[in-house]
Amino acid sequence: MAVKTLIEGVREALTEEMERDDRVWVLGEDVGKKGGVFLATEGIYSRFGEARVLDTPLAESCIVGVAIGAALNGLIPVAEIQFADFIHPAFDQIVSEAARIRYRSNGDYSCPIVVRAPFGGGVHGGLYHSQSVEAFYAHVPGLKVVIPSTPEDAKGLLKAAIRDPDPVMFFEHKKAYRLIKGEVPDGEYVTPIGTAAVRRQGTNVTCVAWGLMVHHCLEAAEAVAPEGISVEVIDLRTLQPLDRETILRSVEKTARAMVVHEDNLTGGFGAEVAAIIADKGFEHLDAPVTRVAGPDVPAMPFNHPQEEAFLPNPEKIAAAMRRLAAY
Amino acid sequence: MAVKTLIEGVREALTEEMERDDRVWVLGEDVGKKGGVFLATEGIYSRFGEARVLDTPLAESCIVGVAIGAALNGLIPVAEIQFADFIHPAFDQIVSEAARIRYRSNGDYSCPIVVRAPFGGGVHGGLYHSQSVEAFYAHVPGLKVVIPSTPEDAKGLLKAAIRDPDPVMFFEHKKAYRLIKGEVPDGEYVTPIGTAAVRRQGTNVTCVAWGLMVHHCLEAAEAVAPEGISVEVIDLRTLQPLDRETILRSVEKTARAMVVHEDNLTGGFGAEVAAIIADKGFEHLDAPVTRVAGPDVPAMPFNHPQEEAFLPNPEKIAAAMRRLAAY
Amino acid sequence: MSEEEQARTTTARQPRHAALGLSPERLQVMYRQMVLARALDRRMWVLNRQGKAPFVISGQGHEAAQVGAAAALRPGVDWLAPYYRDLAFCIAMGMTAREFMLGVYARAADPASGGRQMPSHFGLSRARIITTSSTVSTQVPHAAGIAYAAKTRGLDEVAVASLGEGSTSKGDWHEALNFAGVHRLPLVCLVQDNDYAISVPHRLQMSVDSVADRARGYGMVGTTVDGGDVLAVHEAMKEAVQRARSGQGPTLIDAKVARFTSHSSDDDQRRYRPQEELEAMLRRDPLERFRNYLLDETVLTDESDELMQQGCTQEVEEAVQEAQAAPEPDPADLGRHVFAQRLDSSVSGDGVGDDTWQSRR
Amino acid sequence: MSEEEQARTTTARQPRHAALGLSPERLQVMYRQMVLARALDRRMWVLNRQGKAPFVISGQGHEAAQVGAAAALRPGVDWLAPYYRDLAFCIAMGMTAREFMLGVYARAADPASGGRQMPSHFGLSRARIITTSSTVSTQVPHAAGIAYAAKTRGLDEVAVASLGEGSTSKGDWHEALNFAGVHRLPLVCLVQDNDYAISVPHRLQMSVDSVADRARGYGMVGTTVDGGDVLAVHEAMKEAVQRARSGQGPTLIDAKVARFTSHSSDDDQRRYRPQEELEAMLRRDPLERFRNYLLDETVLTDESDELMQQGCTQEVEEAVQEAQAAPEPDPADLGRHVFAQRLDSSVSGDGVGDDTWQSRR
Ligand SMILES: Cc1ncc(C[n+]2csc(CCOP(=O)(O)OP(=O)(O)O)c2C)c(N)n1
Ligand SMILES: Cc1ncc(C[n+]2csc(CCOP(=O)(O)OP(=O)(O)O)c2C)c(N)n1
Ligand SMILES: [Mg+2]
Ligand SMILES: [Mg+2]
């Protein structure tokens, strides 16, 4: 085991999978010589060459559309969208095409592609380099949506995504890329898509999160622990398919639930988690299902004070934990 | 008052607003001579001419993008997207542009456009002429999302949308176009965006819906009434801004809540409504917050048996009402 | 070859088809594909009027362009990313009448989608016809991706993207053609320009007479052909395929065709097209034109034609009978093929809406 | 005109600028715009190294193209849909140094966005510079819409869309140019081709040397110009504007420029551009070139140049001081300008995340 950053986990997964299977093909803007704007693909171009690591034209719909076509003809494309904010032009190709290839052909065709994109804020990205987009895609049947929060998972889940027979949206929190370090097992492993991880055991409050927010929740949980509030933190890891069992089992124990995400509140994926708890976990609930999320403004401003004001952080989360525990 | 169809309400609103204000400009595919594929703009071309009713090239992103630009230079564009299923290519222009013009310019610019699109199934539309897309847009701050369920509202809300200083997504259930008839007031009126309508009073169950589903819920409510189940049916009319007060006031009374939509369940707008109830209405709740929705398949099949199986209908809704009342 | 033909070839000009390397037998096959497609298409409208086919979208008037193009391809090797008017194209690539009619009836055995999609939303892996949506132009980047994979994997395969002229206005078309040009992919883009996108006329769709004028901007060859002339289209396509296979990159072909029917069964083109235009158009039937050529060249006789027509009618009738009798899709299968494996956790929610579905899984 | 100049004009050739109708005074204004833009740009990088400007994106090397183009426009009448390299363009259209620096510092008084956007995301209604996002090419349909409104409202206004060559690969670009061609709109699309889109070289972006080759396919005129030559760009733009204003439709101009700096402060172009290429490029400074021309034509002297440089430096310093001292945006304003009216019902949810925000509204 060695301590690595989250982005190293991503890079290792790509490299190992490209070694393992020569059908794996990386494409995107600046993924080649430059190694990607975050250097997620650094060294991959020099190792595998232009035929397997393609700097595409600046056209997101084309990137995903070409990936779909290439998958139909035997490649396993891993497309990088430079920022999640710029995935919107590819919305149609992802939602109406990739997600439905198998369904609409009644199983005659399939679409094993991965679409990777860095998301999230707190890096002075402004309105167009900070967005969270997971809620859009988690609403679309036919897509899997994966968001790792640790280097180990980044590697294991990306490997699973590349091996998955269906399209996987793989979102990487850009602030977590270098901030989050952790042990990465030596040797080959794959982390199955579809199971949440309980990152911290607790008995009073269930706190559900994904991506960087998991770490904020853990910090908040530590902050309230001395006050006698015991928080269980669940890292969803994959939003679709969603591990409802782990969530509901925890709520059964704690009777209090909250969801935390960076995306704006209304219609965020937290709504789905809250709705499931309010339905399937109702009989166990002793308090309102709470959400901590970005406010309903179009996106996160560039300037520091407003960026700060937008973002959920350990203090804001801890305050919500206290309120919930005291209900 | 005269009895009219929902699509007549749409057409009257367009005609009257174009009469009232010559900045109002209709654009879209086939909106001209043909009068739109559903004839929503029938007669408008012959009345106002090509300069004010433009058949655009087949390019949805262009339709919305051009509408934004025209709005910046003094027009009030009402863009028709032929089917909500084909709005996805315009996702970026709607989400990253229209919704943010005001916010990102700190109020220096604004974007008074309306984007109309027929949505929904039950008309043998198959995978690509049946979709519900409201959840995507209701998640985007900066957009208003309006879905009328009656001819009166279709007219009054569309007029309000055209007069609104901000971008409004206006979704019309295509099966409701001719199926739903109702009184439309004579003379000028505008229905304000942002308030729900209680379509039926009740004391045992709160049932929240929008679009065609409102009518299914009313039918279901009648069906269970003889069994002593009194259902209050709320027609949201606008999803964004959402009239939380009306919802919560009703739940306070009934202590039981359900949401019905045609869109697939996971991440549908019903999740948001359920989450709000589970939070702000928690202390009043006596039963799980229930959702009746389309299943999590990529879209509604064309063939009749599977289309039927997909769609929520009065029987399915009534069954859920009974279960909820009996909890 | 008949004696008369041989005489003619030796004594006078070489017939056009011979110059293209098309044997009389090949011509007969092509003609039959057109006849069969037309017969299926017409039958589909009858079914629509009978209330048996709720939705019809038609290829009548486009057959020469499609069959001419297909004749330059190798079924099962080359790929087709078709659009909804490509009935004749798909027939020529290997789709059977029966397979098509199963789609018209939206039967469980419909190989394109198991009855999930509207008719004419083609797809058949056996024939390398990819699955298509209704959203126009989305298939063009797919074709580019297929061609890229072929090139990078060293496979001798050509990908054809087919679409209408209106659909070239979409961003996806541009993005895909640009990509294909950059990588000199083995791709042919066949635009079937029938002058209308539903009701929107050519003049409101683009400012050039031929979309092939755009080829140069993508660094590719562009050709405009009379899409009513099966041999002209074949010639253009043959050259394009040669170019693709020899590493010389993509081609953009603009075939001028005629849309005989309304856009679909939901449309009435008399609302927006002048009567004279419609009449003039219907006089220019590509099928007639090919028949006359074949009769002239004695590749066909009135008798053999009659026989072929009958054969096609019968084939269509059998397909209709079979499709009519075939079982409808099972509502229990609504949840199949969302993913490779069924995921219980993706099946969620309450209400009978998805209870129905869940209960049968 | 100086005596010497007059002598030259009468005795020999007419100077290029005179042929274009540009007076020496106008040239001086243009030169000053370039000098000021360059000075602001360089200062911004210094601020970045000092940790005062977290993000920088630069127009150095593009100034001649921008100022040459702007000189053909009427500020306050014609519209600019700019992109992030258009500092000199915006200066020439009427944005002040102070306004720009308020954006670099993301201050509350930043007129483009109140500090919400990254620097160089221009927007200034007073100068008819529309608000822009980071998402490339989205502004091109906006410009088309502006031009359409101008045309349909009978206004004598021209819309200019400005973008990089990489951004022409996007669907929005195609869709907008097609639309503009169909309606012969008063639009000019200025592509600033600096050979790279971040690290992606021209050869992987498109298969033609000049994107102007695509003009014909949109039924419009296309020109390729040396974007390092302010007068050449001006000439092309002047013609385009005349065309637009006289109802002859849109023009596509491809101006070949050089990207002197890395893509942005987050990039290092030495990673992907050869050293020789960088060195050769830096020797071709459009600002130098214009200065030499002006010195040759005696529109400028070393002394007047020195004075102008000093003036610009001072203007920049004042702008920096003012911006530095200006207040930051108030977190309480996070929720402003989502809609015209504040909507209480759109403010929802729990947790401190939006409590903070809600509490201050
Ligand atoms: C993206 C998208 N927008 C709108 C539609 C609705 N629609 C279906 S066919 C069609 C016209 C297509 O015209 P063209 O490309 O010329 O093909 P044709 O039908 O004339 O052969 C339209 C607008 C669609 N299918 N997809
Ligand atoms: C749709 C979209 N995708 C990706 C990006 C990230 N990005 C910002 S600038 C840029 C390169 C633009 O290149 P070009 O158009 O040539 O302009 P240049 O920067 O060279 O002037 C990229 C890829 C973006 N802003 N928008
Ligand atoms: Mg057409
Ligand atoms: Mg560039």
Side-chain angles (χ1 to χ4, degrees), chain C residues 135-138 140-141 144 147-148 151 163 165-185 187 189 191 193 197 200-224 243 247-252 254, chain D residues 135-138 140-141 144 147-148 151 163 165-185 187 189 191 193 197 200-224 243 247-252 254:
Chain C
T135 325
V136 301
S137 250
T138 49
V140 193
Y148 186 90
K151 185 178 169 175
L163 73 166
E165 90 292 348
S167 305
T168 65
S169 298
K170 285 263 309 179
D172 270 7
W173 183 79
H174 165 71
E175 297 190 1
L177 262 67
N178 180 49
F179 185 85
V182 166
H183 295 287
R184 303 192 73 64
L185 297 182
L187 177 98
C189 179
V191 176
D193 180 356
V200 181
H202 194 286
R203 73 167 175 93
L204 287 173
Q205 194 68 245
M206 65 181 85
S207 59
V208 284
D209 288 337
S210 174
V211 77
D213 286 359
R214 294 188 180 157
R216 211 188 117 205
Y218 300 116
M220 57 178 80
V221 176
T223 345
T224 310
R243 207 171 284 130
Q248 295 173 77
T251 305
L252 172 58
D254 177 23
Chain D
T135 326
V136 302
S137 249
T138 51
V140 193
Y148 185 91
K151 185 178 170 176
L163 72 166
E165 89 292 348
S167 305
T168 66
S169 298
K170 285 263 310 182
D172 270 8
W173 183 79
H174 166 70
E175 296 190 1
L177 263 67
N178 180 49
F179 185 85
V182 166
H183 294 287
R184 303 192 72 65
L185 298 182
L187 177 97
C189 179
V191 176
D193 180 356
V200 181
H202 194 286
R203 75 168 174 92
L204 287 173
Q205 195 67 244
M206 64 182 85
S207 59
V208 284
D209 288 338
S210 173
V211 78
D213 286 358
R214 294 189 179 156
R216 212 188 116 206
Y218 300 116
M220 58 178 78
V221 176
T223 346
T224 310
R243 208 171 285 129
Q248 294 172 78
T251 305
L252 172 58
D254 177 23

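The chains referred to below are lettered A, B, ... by the order of the sequence lines, with proteins before strands, and numbering in each begins at 1. The figures here come from the full heavy-atom set of this structure, side chains too, leaving out hydrogens, waters and symmetry mates. Please read these numbers as outputs of a predicted model, since none were measured by experiment.
Of the listed residues (C:R214, C:K170, C:H174), just one forms a side-chain contact (heavy atoms from CB on, under 4.5 Å) with D:N178, and that residue is C:R214.
If you take CE on D:M220 and OG on C:S207, they are separated by 6.5 Å, rounding to the nearest 0.5 Å. Interatomic distance, C:Y218 OH to D:M206 CE, rounded to the nearest 0.5 Å: 11.0 Å.
With a 4.5 Å cut-off on non-hydrogen atoms, C:T168 touches chain D through its backbone but not through its side chain. Heavy-atom distances place the backbone of C:R203, and not its side chain, under 4.5 Å from chain D.
With a 4.5 Å cut-off on side-chain heavy atoms, C:L204 and D:H183 count as touching.
With sequence neighbours excluded, no residue forms a side chain to side chain donor-acceptor pair (under 3.5 Å) with D:S167. By the side chain to side chain donor-acceptor pair (under 3.5 Å) test, C:H202 is found to be paired with C:D193, residues two or more places apart in sequence or in another chain being considered.
Interface summary for chain C: among D:G181, D:S169, D:G219, the most heavy-atom pairs under 4.5 angstrom belong to D:S169. Note: D:V182 leads D:D213, D:V211, D:V182 in heavy-atom pairs under 4.5 Å with chain C.
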